[in-house]
Amino acid sequence: MNETPKPETIAGVDFIRAIINEDNKTGKHQGRVHTRFPPEPNGYLHIGHAKSICLNFGVAAEYNGLCNLRFDDTNPLKEEAEYVENIKADVHWLGFDWDGREYYASDYFDRLYELAEELIRMGKAYVDELSADEIRATRGTLTEPGTASPYRDRPAEESLDLFRRMKAGEFADGSMVLRAKINMASPNVLMRDPAIYRIRKAEHHRTGDKWCIYPMYDFTHCISDSIERITHSLCTLEFENNRELYDWVLEALDLYRPQQIEFARLNMSYTLMSKRRLIELVDGGQVRGWDDPRMPTLSGMRRRGYTPESIRDFCARIGVAKADNMVDRSLLDFCLREHLNAAAPRAMAVLNPLKLIIENYPADQVEEFDMPLHPEDEALGTRKVPFSKVLYIEQDDFREVPPNNKYFRLAPGKEVRLRYAYYVTCTGVEKDAAGNITAVRCAYDPATRGGWSDDGRKVKGTLHWVSAAHAVKAEARLYDHLFTVENPGAAAADEGRPFADYINPESLLVSEAYLEPYLAGLPVDAKVQFERLGYFCVDPDSTEKLRVFNRSVGLRDSWAKIEKKE
RNA sequence: UGGGCUGUCGUUCAACUGGCAGGACGGCGGAUUCUGACUCCGCUAAUCUAGGUUCAACUCCUAGCGGCCCAGCCA
C-alpha cells in the first residue's frame, strides 16, 4: 500500500460537486457523502477503472466521506474469486483503501430475494414463462411499443408460487423469469417490464450452489446502493437510461434512494478499454496474461513501469465530464515522465555498446566515482560507479564523420565529457577487415577528474558510459503499443473485422527483441531512469533478469528530436 | 424513426447567477544545462450552424445539424 494519496483535484468534477453541495444545503443526506466503486469481478482492472476509482474515492475524500468497495457479482457464469483478489490488490496499489468496507452484491442475495417477493405481492412483478426470444419479440422497437406477455396479469399468488419454485430449482434455465411490471409502452425500452431475476443453475464464486436464481443488475445495483446508504452513485454514461429503472425499483419498494450520477468513461488513443475484448486477448493467447506489459490493465501498466502516482495524476488531469472523450496517450506519458523525473534514482545504461579504449589510462587501474542518484535531489544519496581503461559507450554517441557543427558528441579529434568522470578526446578508431568500427580510441585528461575543468574549457557533449569489465548484462524487452489504430475496438467494429487484426505485429516482435544493455553496478532493485536515454523502468516483478520496459515513455520522442538536430 | 444524454483550441478540462474565452497536454521557436533530459520563456489554436433578445451571449430564446447510449434471461 502506498502513502495516502494527496487529494488531487479532478478537473471538471464541478458538475458533481454542484449536486453534492445542493444536497448538503438541503440536508438531503445530513451532509453525508458516501460513494462506492463497484467492479464486476470478471476480469482485471484497467486504466478506465482507475478513473472511476480516483473519482469515487476522490469525491468521498474531498467531502470527508466514505467510499466502499463492492463487487457486483450477480452473474456466476462470468465471475471468479481470482479476479476479486487481483482487483483488491490493484485498488491498493493505486493508493486507495476502503477501510474494511468490502461488500458483495452476493451478500445481499437473501434480502434481494425478500424484496422480489414483496414486489410480487404488491403486484409490481410477475413470473413470465415466455422464452427469451418471445420476450424480445414482444418488447417492441425503439419506435413501437411492446405488447404484454400473456402472463403479465396472472395473480400475485401464482407468481409467488412460481417464483418460490424457481428458487427451489424446479425449473430449467431460461424456462421462466421474474419481470418487473412497469410499462410495455414506455419510450425507454428498459422500462418495458425488464427481467429482474433469471434461473441460472451455476456455481457462484461465493455462494456456491445455494442459489439457482440470480438477480439482475437493474434490480441489484440500486438496492445494494440503498442498503449501503450510498448517497451518490457515480457510474458511466451508458447507464443513463437505467436511472429511471434504478429510481423505479427503490420507489416501488419504498427504500432509501441514492442519487445516480453519470459521467463519461475514459477512452484513450491506441488503447482498448473493453473488458470483453481484453478477455478475448487473454483467452486467445495474443498476450501472455492480464498483466502482460502491453495490456492497459493496472497490473500490466505496473509491470511496464507506470507508477500509481502518475496514474492518479493522469486521472486528475483528464478530469470528468459528461461529453464523450478520446484522451491522447501523450498525456499519460507526460504524467509518468514527470513523476519519474522527480522520483526515480538515475543510472547509466548502454543499449548498443561501442568499445571506448582510453589509451593513456593504466590497464590495471580501477577508480570508483561517487555519483548522485538524482541530480536535483541530494537526499537520495550517491552510487559508486567503477571506471577503467575499457568502457562502453552508446554507438549513437560516436560518429566518424560528424554530420554538422551542431553535433557535439564524440568524433575524431573532438573532446567530450564522460559523465561525472573525465574529459576525453578521440584519437582514432579501430576497424575490422570489413571496415566496421570495432572500437574508438581516446585520451583522457587526468586534470578533469569528476568531469570538470577549472580552466574554462567548454565541452558541450556529455556521454554516458559503463566500464566494460564491470558492466552488468541484462535482458531487455522493449514493448511497443499493442494496437496500431487510435481506437482499435471501434475500428474493428466499423469494418467488421476481428479486433485482433489491429494488434501491432511490431509490438510482438519488439517484445522478443533481445538486447544487451550494459548496466553499471547500480541499484536496480527499483525503478531506474536511465539517464539521457529516456525513461526506462525495471520490471519490479523481475527477480532473475532485469527487464527494461519502455517505448511509450519518451525514448522514441527523445531520439526523434536528436535525429532532427543532427 | 421513440426516448435519454452531449457539442469550447489538435486533445482534455475551465469561464460564478450574461461582462476581455483561460489552464494543461501536444505542436512550433528560443534560453539554460555535467542527461540534446529536466527547467524556463515565447508562439500556435476553439465557443456545431442560423436566426433572435441585449449596451454586451459559450452562457438566455427559437429552429436546425452532428455525436454517444438504449430493443441481454450482461454489467
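None of these values were measured; they are calculated from a predicted model. Letters A, B, ... mirror the listed sequences (proteins, then strands); counts begin at 1.
Across all strands, A/Arg276 comes closer than 4.0 Å to no nucleic acid atom at all (heavy-atom distances). At a threshold of 4.0 angstrom between heavy atoms, the contacts of A/Phe408 include nucleobase atoms, whether or not backbone atoms are also involved. Contact annotation for A/Arg417: base contact, defined as any heavy-atom pair under 4.0 Å involving a base atom. Contacts of A/Leu142 with the nucleic acid, taken as non-hydrogen atoms under 4.0 Å apart, include base atoms. Among the heavy atoms of the strands lying under 4.0 Å from A/Ala321 are primed sugar atoms or P, OP1, OP2 only; no base atom is included. At the heavy-atom level, A/Tyr197 lies nowhere under 4.0 Å from the strands shown. Within the nucleic acid shown, A/Asp173 has no heavy atom closer than 4.0 Å to any nucleic acid atom. A/Glu262 comes within 4.0 angstrom of nothing in the nucleic acid, heavy atoms only. Residue contacts for A/Asp328: at a heavy-atom cut-off of 4.0 Å it reaches the sugar-phosphate backbone alone, with no base atom in range. At a threshold of 4.0 angstrom between heavy atoms, the contacts of A/Tyr217 include nucleobase atoms, whether or not backbone atoms are also involved. Residue A/Leu130 is in base contact, counting any heavy-atom pair closer than 4.0 Å across all strands shown.
In this structure, A/Lys78 atom NZ and B/rA75 atom P are separated by 8 Å, rounded to whole Å. One interatomic measurement links the two molecules: NZ of A/Lys322 to P of B/rA14, which rounds to 13 Å at whole-angstrom precision. Whole-Å rounding puts the A/Glu338 CD to B/rC38 P distance at 11 Å. Separating the CZ atom of A/Arg243 from the C1' atom of B/rG3 is a distance of 13 Å, rounded to the nearest angstrom. Between the CZ atom of A/Arg265 and the P atom of B/rC5 there is a distance of 20 Å, rounded to whole Å. In this structure, A/Leu336 places its CG atom 15 Å from C1' of B/rA37, rounding to the nearest Å. Atom CG in A/Asn487 sits about 11 Å away from atom P in B/rC68, given to the nearest Å. With rounding to whole Å, A/Asn183 atom CG is found 14 Å from B/rG3 atom P.
When each of A/Trp211, A/Tyr214, A/Phe163 is checked for a ring-ring contact (aromatic ring centres under 6.0 Å, His included) with A/Tyr197, only A/Phe163 meets the rule. None of A/Asp397, A/Thr425, A/Ile393 except one satisfies the side chain to side chain contact (heavy atoms under 4.5 Å, CB included) rule with A/Leu410; the exception is A/Ile393.
Where A/Ser330 and A/Ile318 each meet RNA chain B at their nearest nucleotide, the meeting point lying more 5' is that of A/Ile318. When each of A/Asn242 and A/Leu190 is assigned the nucleotide of RNA chain B with its nearest heavy atom, A/Leu190 is the one assigned upstream, toward the 5' end.
The base-pairing partner of B/rC25, taking Watson-Crick or G-U wobble contacts with both distances under 3.5 Å, is B/rG10. Across all strands shown, B/rU54 has no partner, as no Watson-Crick or G-U wobble contact with both distances under 3.5 Å is found. In this structure, B/rU49 forms a base pair with B/rA63, meeting either the Watson-Crick or the G-U wobble geometry with both donor-acceptor distances under 3.5 Å. The pairing partner recorded for B/rA31 is B/rU39, the criterion being a Watson-Crick or G-U wobble arrangement whose two distances lie under 3.5 angstrom. Pair check for B/rC68 finds B/rG4; Watson-Crick or G-U wobble, both atom distances under 3.5 Å. B/rC74 is unpaired under the Watson-Crick or G-U wobble criterion, no partner having all donor-acceptor distances under 3.5 Å.
For B/rG72, one of the phosphate oxygens OP1 or OP2 lies less than 4.0 angstrom from a side-chain nitrogen or oxygen of A/Arg136. For the pair A/Arg139 and B/rG72, the criterion of a side-chain N or O lying under 4.0 Å from OP1 or OP2 is met. In this structure, A/Arg200 reaches the B/rC74 phosphate: one of its side-chain N or O atoms is under 4.0 Å from OP1 or OP2. Listed pair A/Arg198 / B/rA75 meets the phosphate criterion, a side-chain N or O lying under 4.0 Å from OP1 or OP2. At B/rC73, none of the side-chain N or O atoms of A/Ser131 fall inside 4.0 Å of OP1 or OP2 (strictly under the cut-off).
With both ends at atom P, the span from B/rC40 to B/rU33 equals 16 Å, rounded to whole Å. B/rG67 and B/rA15 have their P atoms separated by 27 Å, given to the nearest Å. Taking atom C1' in both B/rU44 and B/rU6, one finds a spacing of 28 Å when rounded to whole Å. Taking the C1' atom of each, B/rA21 and B/rC69 are spaced 31 Å apart, rounded to whole Å. For the P atom pair drawn from B/rG7 and B/rC28, the interatomic distance equals 31 Å after rounding to whole Å. Taking atom P in both B/rG19 and B/rC60, the straight-line distance is 11 Å, to the nearest Å. Comparing the C1' positions of B/rG64 and B/rU54 gives an interatomic distance of 23 Å, to the nearest angstrom. Comparing B/rC70 with B/rG10, their P atoms sit 29 Å apart, to the nearest whole Å.
Side-chain N/O atoms of A/Ser330 and A/Asp328 include a donor and acceptor closer than 3.5 Å. For the residue pair A/His205 and A/Asp73, a side-chain donor N or O sits within less than 3.5 Å of a side-chain acceptor on the partner. A donor atom on one side chain and an acceptor atom on the other are not found under 3.5 Å apart for A/Tyr217 and A/Asn242. If you check the side chains of A/Asn241 and A/Asn188, you find no donor sitting under 3.5 Å from an acceptor.
You won't find any donor-acceptor pair under 3.5 Å spanning the side chain of A/Asn188 and the base of B/rC70, going by distance alone. At a cut-off of 3.5 angstrom, the base of B/rG7 holds no donor-acceptor pair with the side chain of A/Asp324.
Relative to the side chain of A/Pro187, the nucleotides B/rG3, B/rA37, B/rC69 differ in distance, and B/rG3 lies closest. Which of B/rC25, B/rC5, B/rC73 sits closest to the side chain of A/Leu331 comes down to B/rC25. Here B/rG36 is the nucleotide among B/rG26, B/rG36, B/rA75 with the atom lying nearest to any side-chain atom of A/Tyr407. Of the candidate nucleotides B/rU6, B/rU33, B/rA75, B/rU6 has the atom lying nearest to any side-chain atom of A/Ala323. Candidate nucleotides B/rC69, B/rA15, B/rA37 were compared by shortest atom distance to the side chain of A/Asn241, and B/rC69 ranks first.
In this structure, A/Tyr444 has its ring center at least 6.0 angstrom away from the ring center of A/Phe387. The ring of A/Phe369 has its center closer than 6.0 angstrom to the ring center of A/Tyr422.
Atom CG of residue A/Asp193 and atom OH of residue A/Tyr126 lie 3.5 Å apart, to the nearest 0.5 angstrom.
Annotation: cation-pi geometry satisfied between A/Arg206 and A/Tyr104 (NZ/CZ under 6.0 angstrom from ring centroid, within 45° of ring axis).
Here B/rG4 is in the anti range [glycosidic angle more than 90° from 0].
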